[in-house]
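Chain letters run A, B, ... following the sequence lines, proteins first, then strands; residues in each count from 1. What you are looking at is a predicted structure, and each value in this text was computed from that prediction instead of being measured.
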Amino acid sequence: MFDLKLIRDNPEEFDRALARRGEDPRAAEILALDEKHRALITEAQTSQARRNEASKLIGKAKAQGNEEEAQALMAEVSGLKDKLTQLEEDARNAGEQLNLLMMHLPNAVYDDVPQGDSEDDNVEVRTWGTPREFDFAPKEHFDLGEAMGLMDFERAAKMSGSRFVILKGGIARLERALGQFMLDLHTREHGYTEVLTPAMVRDTALFGTGQLPKFGEDAFRTTTDHWLIPTSEVTLTNMHSGEILDEETLPLRFTAHSQCFRAEAGSAGRDTRGMIRQHQFEKVEMVSVTTPEQSDDELERMTGCAEEVLKRLELPYRVVKLCTGDIGFSARRTYDIEVWLPGQDKYREISSCSVCGDFQARRLKMRCRPKGEKNTRFVHTLNGSGLAVGRTLIAVLENYQLADGSIRIPEVLKPYMGGLDQIGV
RNA sequence: GGAGAGGUGGCUGAGUGGUCGAAAGCGCUCCCCUGCUAAGGGAGUAUACUGGCAACGGUAUCGAGGGUUCGAAUCCCUUCCUCUCCGCCA
């Protein structure tokens, strides 16, 4: 959500920001509506002021037993009524129309975000690690998993359809180990507070983070009109909605290990084999709530926290800065981390870290107040995966596979695997 | 699921149709007083929008949304949430 004042002050820049996202100019339309809205409010308020004043005089007159004056005033106020009702309704309608329009507009990206149409235009920022040399043809994760009998797509499909998986034995344990490891790292070393949130939310929560109103198709809805969370970014970011936070308490850093549910409506035919793209997956998420001054540095920090997971797992990766065609609705700048998958012979997304500025905070009415000051301002929010657990599992399987199809356990995971150092033997 | 009780400012808690944005207490801030500390006295202390250079105004908000009324924290309806008892249950 944008600040109307900024659009008023600089409509050209606002339209330019929309243009970078491939959106049509909207400033003129918005400002016309805004002007109408405010004019209606002002007019309604003038009438309300007179009504309030007269009503108080009526009370006074009645208290003094001056029935004649009371009657005269009552007649006046009742004459205002129809006009006022109409004005209030018009003002409300204009406000709703304006709000709806604003809710559909994506956040403005930073100047350094590269212009582009698709993920092909993302810019590599850095790489870490060297892809391992194989003296055999490395397999994809689903071949490895199915051969071991520990990854079962067919039986999952029998009960749930496509894009679901059953994990068993060592692979199930590996998935659990990865989630635990990530959570421990972020809570013990990176200063994040562990949180366990609901997996079902109301409309308002998804509006707050930006999934609604535009992207309802991507999420699942229950018969009780709840939504299954597509990421715990939603719940972590919504925690302090409507609150005024003491600025001294910022930044807030939360992490959660949750199930995520995505309809993948627009992804038919993409990544149909394997665990890359599932309707249900596990993710460890990081969310930060910061002051406006802190948010840029926080993005670098958060990305580093996500990278650290891969470093400790000794998985090669690269960091890319998303271009305007690939960046998400609420983000001002996003770094994707892509892990090396030998089976696919390419880097694949495993984390996405974004700074949203005050875009979500405005929707969520989440503010902060500097100590001793009267005025409040909107906080900044950030979110990032640290990491997508299912995809990390894939990366471990593919990078740590041996010629016989078994999997070596990364050093750092051994404590979480009960000392096991290999699966599928 | 059944039956009840509630949702008021940072907190506790008054207020059941009129000068109520809201008593009082607590907390907090500032000032005064005071060898120190403690106690005491005084003033201030919500949010959003809006007008104004400012001083200072206006409007809305007593969970949310509608309604009744000249006027609603107070009455009516809807809805969300919390709590108690019963039932069911991981």
Side-chain angles (χ1 to χ4, degrees), chain A residues 1-9 30-103 196-208 212 221-227 235 238-250 259 358 360-379:
Chain A
M1 189 82 94
F2 287 94
D3 183 357
L4 274 167
K5 277 183 199 147
L6 291 181
I7 306 178
R8 270 179 231 148
D9 292 345
I30 289 167
L31 290 181
L33 246 182
D34 173 47
E35 203 163 310
K36 180 180 162 199
H37 180 223
R38 286 190 299 150
L40 285 166
I41 286 176
T42 304
E43 202 182 339
Q45 288 187 349
T46 309
S47 299
Q48 280 164 347
R50 176 56 196 160
R51 182 201 63 191
N52 291 348
E53 185 187 23
S55 290
K56 281 181 182 174
L57 291 173
I58 291 168
K60 213 180 275 184
K62 289 217 164 185
Q64 291 167 354
N66 190 343
E67 197 57 37
E68 198 178 320
E69 186 180 336
Q71 288 301 329
L73 285 162
M74 280 163 71
E76 182 194 343
V77 179
S78 96
L80 278 174
K81 206 186 159 189
D82 286 345
K83 183 184 166 199
L84 192 52
T85 306
Q86 188 62 47
L87 280 170
E88 281 175 339
E89 193 187 325
D90 290 350
R92 192 170 55 242
N93 287 341
E96 277 170 16
Q97 208 179 329
L98 182 60
N99 192 44
L100 193 67
L101 206 162
M102 298 286 283
M103 288 290 267
L196 199 144
T197 69
M200 300 197 289
V201 296
R202 293 225 190 84
D203 296 349
T204 50
L206 288 174
F207 270 103
L212 288 178
R221 197 158 203 202
T222 70
T223 55
T224 51
D225 284 347
H226 286 95
W227 299 85
T235 44
N238 267 273
M239 275 203 297
H240 292 286
S241 71
E243 298 182 23
I244 298 170
L245 302 164
D246 281 342
E247 224 169 273
E248 300 158 85
T249 66
L250 304 181
Q259 297 286 344
D358 64 6
Q360 293 180 323
R362 285 180 182 281
R363 292 170 163 245
L364 292 162
K365 297 177 179 29
M366 183 155 56
R367 294 179 285 258
C368 62
R369 186 188 342 249
K371 181 159 179 74
E373 285 192 32
K374 189 168 163 32
N375 292 331
T376 60
R377 50 188 190 156
F378 286 103
V379 298

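Using a 4.0 Å heavy-atom distance criterion, A:Thr376 is classed as a sugar-phosphate-only contact.
The separation between A:Ile41 atom CD1 and B:C49 atom P is 11 Å, rounded to whole Å. Rounded to an integer number of Å, the gap from CG of A:Asp203 to P of B:U79 is 17 Å. The distance between atom CD of A:Glu88 and atom P of B:U50, rounded to the nearest whole Å, is 18 Å. Computed from coordinates, the A:Arg369 CZ to B:A46 P distance equals 9 Å when rounded to whole Å.
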Nucleotide N/O of nucleotides 70-73 of chain B paired with protein N/O under 3.5 Å:
from  : atom 1 : to      : atom 2 : distance (Å)
B:G71 : O4'    : A:Ser55 : OG     : 3.2

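A salt bridge does not link A:Lys56 with A:Glu53: every distance from a Lys NZ or Arg NE/NH1/NH2 to an Asp or Glu carboxylate oxygen is 4.0 Å or more. In summary, A:Asp203 and A:Arg221 engage in a salt bridge, as defined by a charged side-chain N under 4.0 Å from a carboxylate O.
For B:G66, the OP1/OP2 oxygens have a side-chain nitrogen or oxygen of A:Arg92 closer than 4.0 Å.
The residue among A:Lys56 and A:Arg202 whose nearest nucleotide of RNA chain B lies closer to the 5′ end is A:Lys56. Taking for each of A:Ala49 and A:Arg377 the nucleotide of RNA chain B with the nearest heavy atom, the 5'-most of the two is the partner of A:Arg377.
Rounded to a whole angstrom, the distance from the P atom of B:U34 to that of B:G41 is 16 Å. Using atom C1' as the reference point in both B:G87 and B:U74, the two lie 36 Å apart (nearest Å). Using atom P as the reference point in both B:U59 and B:A22, the two lie 12 Å apart (nearest Å).
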Mind running side-chain contact (heavy atoms from CB on, under 4.5 Å) on A:Asn99 and A:Glu96 for me, showing each step along the way? CA-CA 5 Å; A:Asn99 192 44; A:Glu96 277 170 16; 5.6 Å; no

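Across A:Thr235 and A:Pro198, no two heavy atoms sit closer than the pair CG2-O, 3.4 Å. The shortest heavy-atom contact between A:Leu364 and A:Asn238 is CD2-OD1, 3.0 Å.
A:Arg202 CZ to A:Asp225 CG: the interatomic distance, rounded to the nearest 0.5 Å, is 10.0 Å.
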